[in-house]
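To find a chain, count down the sequence lines: A is the first, B the second, and so on, and within it residues start at 1.
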Amino acid sequence: MSGRSSGKSIMEIPTDYTIIDLETTGLDPHWDNIIEVACIKYRGGEEAGRIQSLIQPPIREDADEDGLPYIDGFIEKLTGITNDMLKDAPMFKDIESQIEDFLAGELLVGHNVKFDINFLHDSFAPYDVPFENDFVDTMRISRRVLPDLPHHRLGDLADYFNISGTHHRAMGDCEMTHGVLLGLAGIIKEKGIELAKKDFWREKIDLRSLQANPAKFIKDHIFYDRICVFTGKLERLTRQEAAQIVVNIGGHCENGVTKRTNFLIVGNFDYRMHVKGNKSTKMQRAEQLILKGQDLQIMSESAFYDLIEGEID
DNA sequence: CTACCTCGAGCTCA
DNA sequence: CTCGAGGTAG
């Protein structure tokens with residue numbers, strides 16, 4: 001029943017968009033229902049309209065256990081929305097066309113907005129409304145822009161940007177989300193971050209570009225002035241950290257095995273099915289070169305750590 | 001260099 | 001879901 005079609009996630013700060021937020025009876029769109037919706041439309045940075053409504057969900061199947069017809073105590077407490085408030089609220093069918101019109105063709109902005117989109121998608125499905133809006137997720141942008149924050153929940157970000165508002169009510173969360181979007185936009189501009197840059201996070205740094213202080217080189221070390229290459233996953237250090245230690249000693253690192261390589265440090269392959277015979281292509285290449293008489297040594301990760309003992313922070 | 005594959009860890013929504 | 005760390009192919 002889950003409609004296949006869905007819009008795509010856009011990594012940019014938009015100028016024309018609609019913020020959306022829902023309150024629901026729970027986390028699972030398959031079992032739970034919307035109890036409140038709010039949307040704010042922006043055009044060129046200016047507000048261009050808003051809608052908000054409570055929504056009466058179907059009666060809970062387990063309502064007789066605690067006598068609460070629409071939402072359980074946890075949701076009442078979380079949102080401040082009570083069963084009494086829902087009793088006279090319109091049902092989704094009553095405001096479906098209004099929401100549909102307001103969102104038509106809009107770029108949707110929200111915090112973990114896929115959550116809201118999934119609920120709306122299921123709610124619109126019976127009306128044959130194609131819901132394929134593209135969207136901007138402030139949580140995703142936040143993780144990109146503020147990677148060192150311990151959490152990226154809406155409330156945490158509101159604190160971080162000093163935004164006040166009624167958290168866990170749909171309109172309050174829309175306003176907080178808008179503030180977060182503006183805050184993130186400011187940081188992006190300030191730091192010159194290129195959000196749209198494709199594959200930016202895979203900027204694997206070229207190990208040949210690592211630098212170190214020559215005054216601290218260890219000239220009698222086995223790695224001094226020699227070329228190291230890594231293969232497999234290291235357990236204790238990232239590849240870059242390990243490479244930096246080699247460079248600090250006065251050695252060099254490269255990304256692949258060549259005729260100049262002197263050491264191949266081998267990490268783990270255990271989960272790599274496509275590594276034939278438990279040997280990576282780098283290792284196979286190295287073995288060939290050794291047979292041809294190259295001064296090249298293959299060593300395990302633990303042997304590597306023994307050799308750099310004392311150089312690790 | 002560029003593009004794409006893959007596993008595993010961690011997270012956020014009510 | 002997304003992302004990090006690692007791989008492969010051309």
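When the side-chain nitrogen and oxygen atoms of A:T24 are compared with OP1 and OP2 of B:dC13, none of them lie within a distance under 4.0 Å. Contact annotation: A:R140 reaches the phosphate of C:dC3 (side-chain N/O to OP1 or OP2, under 4.0 Å).
Contact annotation for A:I35: no contact, since no heavy-atom pair falls under 4.0 Å across all strands. As judged by a 4.0 angstrom heavy-atom cut-off over every strand, A:L154 is placed among residues touching the sugar-phosphate backbone only. Base engagement by A:F74 is indicated by at least one non-hydrogen atom pair under 4.0 Å involving a base atom. Backbone-only contact: A:T79 has heavy atoms under 4.0 Å from sugar-phosphate atoms and none from a base.
The pair A:K259-A:E254 does not count as a salt bridge, with every side-chain nitrogen at least 4.0 angstrom from each carboxylate oxygen.
A:K8 pairs by the salt bridge (charged side-chain N to carboxylate O under 4.0 Å, His left out) definition with A:D134, not counting sequence neighbours. Applying the side-chain contact (heavy atoms from CB on, under 4.5 Å) criterion to A:D306, with sequence neighbours excluded, gives no partner residue. Remark: A:H252 pairs with A:D225, A:I227 by the side-chain contact (heavy atoms from CB on, under 4.5 Å) rule, at least two apart or across chains. Residues passing the side-chain contact (heavy atoms from CB on, under 4.5 Å) test with A:N112 are A:F115, A:D137, A:M139, sequence neighbours excluded. With sequence neighbours left out, A:D16 forms a salt bridge (charged side-chain N to carboxylate O under 4.0 Å, His left out) with no residue at all. Every residue meeting the side-chain contact (heavy atoms from CB on, under 4.5 Å) condition with A:D295, not counting sequence neighbours, appears here in chain and number order: A:R226, A:N262.
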With side chain to side chain contact (heavy atoms under 4.5 Å, CB included) as the criterion, how do A:L195 and A:V145 come out once you've worked through the C-alpha distance, each side chain's angles and the decisive distance to 0.1 Å? CA-CA 8 Å; A:L195 268 190; A:V145 172; 4.2 Å; yes
Could you go through the salt bridge (Lys or Arg N to Asp or Glu O under 4.0 Å) check for A:E301 and A:R239 one step at a time? CA-CA 11 Å; A:E301 181 179 356; A:R239 191 172 285 198; over 6 Å; no
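Taking each heavy atom of A:R285 and A:T258 in turn, the nearest pair found is NH1-CA, 4.3 Å.
The distance between atom CD1 of A:I75 and atom P of B:dC13, rounded to the nearest whole Å, is 13 Å. In this structure, the CD atom of A:E241 is 13 Å from the C1' atom of C:dG4, given to the nearest Å. In this structure, the CG atom of A:N118 is 13 Å from the C1' atom of B:dA14, given to the nearest Å. One atom, CD1 of A:I20, and another, P of B:dC13, lie 14 Å apart when rounded to the nearest Å. Protein atom CG of A:L120 is 17 Å distant from nucleotide atom P of B:dC13, rounded to whole Å. Atom CG in A:D116 sits roughly 7 Å away from atom P in B:dA14 (whole-Å rounding). Atom-to-atom, CZ of A:R144 to P of C:dT2 comes out at 11 Å; the value is rounded to the nearest Å. Atom CD of A:E36 is separated from atom P of B:dC13 by 16 Å (rounded to the nearest Å).
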Pairs under 3.5 angstrom only: tabulate donor-acceptor contacts from the side chains of residues 241-249 of chain A to other protein residues two or more places apart or in another chain.
residue: A:E241; atom: OE1; partner: A:T238; partner atom: N; Å: 2.9
residue: A:E241; atom: OE1; partner: A:T238; partner atom: OG1; Å: 3.4
residue: A:Q244; atom: NE2; partner: A:Q211; partner atom: O; Å: 2.9
residue: A:Q244; atom: NE2; partner: A:N248; partner atom: OD1; Å: 3.0
residue: A:N248; atom: ND2; partner: A:Q244; partner atom: O; Å: 3.4

Would you give me the side-chain donor-acceptor pairs under 3.5 Å for residues 84-99 of chain A, sequence neighbours excluded?
residue: A:D84; atom: OD1; partner: A:K87; partner atom: NZ; Å: 3.4
residue: A:D94; atom: OD2; partner: A:M91; partner atom: N; Å: 2.8

Let's test your reading of the pairing rules: Watson-Crick or G-U wobble, both distances under 3.5 Å, then write DNA chain C as a dot-bracket string with ( ), [ ], | and dots. ||||||||||
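Distance check: A:C174 SG to A:I20 CD1 gives 8.0 Å after rounding to the nearest 0.5 Å.
The aromatic rings of A:F131 and A:F124 are tilted relative to each other, their planes meeting at an angle between 30° and 60°.
A heavy atom closer than 4.0 Å to some atom of DNA chain B occurs in A:H168, A:D173, these being the qualifying members of residues 157-188 of chain A. The stretch residues 54-69 of chain A has no heavy atom under 4.0 Å from DNA chain B, so no residue of it qualifies as close.
Nearest to the side chain of A:F115, among B:dA14, C:dG7, C:dG6, sits B:dA14. Nearest to the side chain of A:D21, among C:dG6, C:dC3, B:dA14, sits B:dA14.
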Between protein and nucleic acid, restricted to nucleotides 9-11 of chain B and to nitrogen or oxygen atoms under 3.5 Å apart, what atom pairs and distances do you find?
residue: B:dC11; atom: O3'; partner: A:R143; partner atom: NH2; Å: 2.6

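No side-chain donor from either of A:R60 and A:T25 sits under 3.5 Å from a side-chain acceptor of the other.
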